[in-house]
Protein chains: 2
Amino acid sequence: MIAPTPSELEILNILWKSGEATTQIVNDQLNLTRPVGYTTTLKTMQLMTEKGLLDRRKEGKSHVYFALSDESKTKSHLLDKIIQTTFGGSTSGLLMQLFGNKAVSQDEIVQIRAFLDGMEDKNHG
Amino acid sequence: MIAPTPSELEILNILWKSGEATTQIVNDQLNLTRPVGYTTTLKTMQLMTEKGLLDRRKEGKSHVYFALSDESKTKSHLLDKIIQTTFGGSTSGLLMQLFGNKAVSQDEIVQIRAFLDGMEDKNHG
DNA sequence: CTTGAACTACGAAAGTATTCGTATATATTT
DNA sequence: AAATATATACGAATACTTTCGTAGTTCAAG
């Protein structure tokens, strides 16, 4: 599994959401959050393509990029890593931290409840 | 809030657990997991002291180091960061990922529900 | 008070990630 | 087909982190 760097993850998040996009579009999206030069984004996406994180197809004079790495697998892997390094491998340690010290909105609690309901149904059925 | 680097976090975890320790002890602990030179550990701890992550007192010819940064605050901060960068700011997104790809026992679900109950009581009270 | 073991200080190299300038290529417009 | 706009390719600079060698310090034992 190839772990993306922070910058690469930003780009992956954009491509996972939009399915595919040109460098221009990705760069515009990035610049909604922070300033970054066009060629910087281009270079990063080229490196990601070499690494096998992305692939691309030619369209007119530009390239259209799309993610090869699986969203769920990648995020799961990143999560495992922080559980390992920050919480000594303990998933419940992470949960305690999350619930014990962080404000979680009512909406999110509702969402989490619904999710747990679904899981329990699965377990019982 | 000063975010520790990965290497710094390893050292913090050791000091949070033991309260305080010399470079020697920290380095020995690190070497249970991976090989790292004594002066590497020393240098890192010196940098951490400059940054205000650690402080130390002289004892004999060596220094005894201890963490200045709060464990819970630091972990909470790291967690916030991954929630932001990886899950678009959605805590429930993280939980779904966690529950979706890992086996979570019925006991843990019950525990989490109890947590949520407690939080809601707090919110409403 | 000299020797040796353990420790600190610090510069600099090595590794990794990010950034961007500049040259070149491609398509479109006039 | 020349000029313009938009792309790509790529080298190299910058930044950040980690690594360790070497020189010098401190303390204790002989």
Side-chain angles (χ1 to χ4, degrees), chain A residues 1-15 20-66 69 74 77-78 81-82 85-86, chain B residues 1-15 20-66 69 74 77-78 81-82 85-86:
Chain A
M1 159 88 56
I2 307 121
T5 67
S7 285
E8 290 173 346
L9 184 61
E10 286 185 299
I11 290 171
L12 282 174
N13 273 322
I14 291 168
L15 290 175
E20 55 175 40
T22 61
T23 305
Q24 194 60 253
I25 292 173
V26 170
N27 188 243
D28 288 349
Q29 285 286 316
L30 289 176
N31 275 276
L32 295 178
T33 305
R34 66 184 180 95
V36 56
Y38 176 84
T39 55
T40 301
T41 302
L42 174 64
K43 176 73 159 188
T44 305
M45 290 171 77
Q46 285 170 345
L47 288 174
M48 290 172 78
T49 303
E50 272 181 32
K51 286 190 193 178
L53 292 172
L54 305 183
D55 200 359
R56 64 189 194 179
R57 61 187 161 76
K58 193 114 195 184
E59 189 155 297
K61 71 178 149 183
S62 57
H63 285 127
V64 178
Y65 287 84
F66 48 96
S69 61
T74 301
H77 186 247
L78 291 171
K81 234 169 52 177
I82 202 179
T85 59
T86 306
Chain B
M1 160 85 58
I2 307 121
T5 67
S7 285
E8 291 173 344
L9 184 60
E10 286 185 299
I11 290 171
L12 282 174
N13 274 321
I14 290 168
L15 290 175
E20 56 175 40
T22 60
T23 306
Q24 194 59 253
I25 291 173
V26 170
N27 187 244
D28 288 349
Q29 284 286 316
L30 290 176
N31 275 277
L32 294 178
T33 305
R34 65 182 179 97
V36 55
Y38 177 85
T39 55
T40 301
T41 302
L42 174 65
K43 175 72 160 190
T44 304
M45 290 171 77
Q46 285 170 344
L47 289 173
M48 290 171 79
T49 303
E50 273 181 33
K51 286 190 194 176
L53 292 173
L54 304 184
D55 200 0
R56 65 189 194 178
R57 62 189 160 75
K58 192 113 196 186
E59 190 156 299
K61 70 179 151 182
S62 58
H63 285 126
V64 178
Y65 287 83
F66 49 94
S69 61
T74 301
H77 186 247
L78 291 171
K81 233 169 53 175
I82 203 180
T85 59
T86 306

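Just so we're on the same page: letters track the sequence lines, and every chain starts at 1.
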Send over the distance from A/Ile25 CD1 to D/dT8 P, rounded to a whole Å.
11 Å
Take the protein atom CG of B/Asn31 and the nucleotide atom C1' of D/dC20, then report the distance between them rounded to whole Å.
14 Å
OP1, OP2 of D/dT6 versus side-chain N and O of A/Gln24: anything below 4.0 Å?
no
Less than 4.5 Å apart, side chain to side chain, heavy atoms only: is that true for B/Val26 and B/Gln29?
no
Would you please name every residue forming a salt bridge (charged side-chain N to carboxylate O under 4.0 Å, His left out) with A/Lys51, sequence neighbours left out?
A/Glu8
Please determine whether a side-chain nitrogen or oxygen atom of B/Arg56 lies at a distance below 4.0 Å from atom OP1 or OP2 of C/dC7.
no
Send over the distance from B/Leu42 CG to D/dT22 C1', rounded to a whole Å.
13 Å
Output, in order, the C-alpha distance, side-chain angles, deciding distance and verdict of side-chain contact (heavy atoms from CB on, under 4.5 Å) for B/Leu78 and B/Leu9.
CA-CA 10 Å; B/Leu78 291 171; B/Leu9 184 60; 3.9 Å; yes
Whole angstrom value for the distance that separates C1' of D/dT6 from CD of A/Glu59
15 Å
With axes from five pairs an end, tell me the bend angle of the helix from C/dC1-D/dG30 to C/dT30-D/dA1, nearest 10°.
20°
Sort and list the pairs that fulfil side-chain hydrogen bond (donor to acceptor under 3.5 Å, both in side chains) and have at least one residue in residues 52-62 of chain B, not counting sequence neighbours.
B/Glu20-B/Arg57, B/Arg56-B/His63, B/Arg56-B/Tyr65, B/Arg57-B/Glu59
Quick tally for nucleotides 16-23 of chain C: nucleotides whose base has a protein heavy atom under 4.0 Å get B, sugar-phosphate-only ones S, the rest -, giving -SSBBBB-
Steps toward side-chain contact (heavy atoms from CB on, under 4.5 Å) verdict (B/Thr86, A/Ile82)
CA-CA 12 Å; B/Thr86 306; A/Ile82 202 179; over 6 Å; no
With sequence neighbours excluded, residues passing side chain to side chain contact (heavy atoms under 4.5 Å, CB included) with A/Ser7
A/Thr5, A/Glu10, A/Arg34
Can you list every pair that meets salt bridge (charged side-chain N to carboxylate O under 4.0 Å, His left out) and has a residue in residues 22-33 of chain A, with sequence neighbours left out?
none
In whole angstroms, the gap separating C1' of D/dT6 from CG of A/Asp28 amounts to 13 Å
Taking only nitrogen or oxygen atoms into account, show me every contact under 3.5 Å that the protein makes with nucleotides 27-30 of chain C, one pair per line with its distance.
from   : atom 1 : to      : atom 2 : distance (Å)
C/dA27 : OP1    : A/Gly60 : O      : 3.4

Non-neighbouring partners of A/Asn31 that pass side-chain hydrogen bond (donor to acceptor under 3.5 Å, both in side chains), sequence neighbours left out
A/Asn27
Sugar-phosphate, base or nothing in reach of A/Thr23, heavy atoms under 4.0 Å:
sugar-phosphate
Test of understanding: with salt bridge (charged side-chain N to carboxylate O under 4.0 Å, His left out), list the residues that count as partners of A/Glu50, not counting sequence neighbours.
none
Hits for side chain to side chain contact (heavy atoms under 4.5 Å, CB included) against B/Ile25, two or more places apart or cross-chain, chain-then-number order -> B/Ala21, B/Thr22
With respect to the phosphate group of D/dA7, does any side-chain polar atom (N or O) of A/His63 fall under 4.0 Å of OP1 or OP2?
no
With a 4.0 Å limit, can you tell me whether B/Gln46 has a side-chain N or O closer than that to the phosphate oxygens OP1/OP2 of C/dC10?
no
Rounded off to whole Å, could you give me the CG-to-P distance for the B/Asn27 and C/dA6 pair?
14 Å
Exactly one of A/Leu15, A/Ile2, A/Ile11 should register a side chain to side chain contact (heavy atoms under 4.5 Å, CB included) with A/Met48. Which one does?
A/Ile11
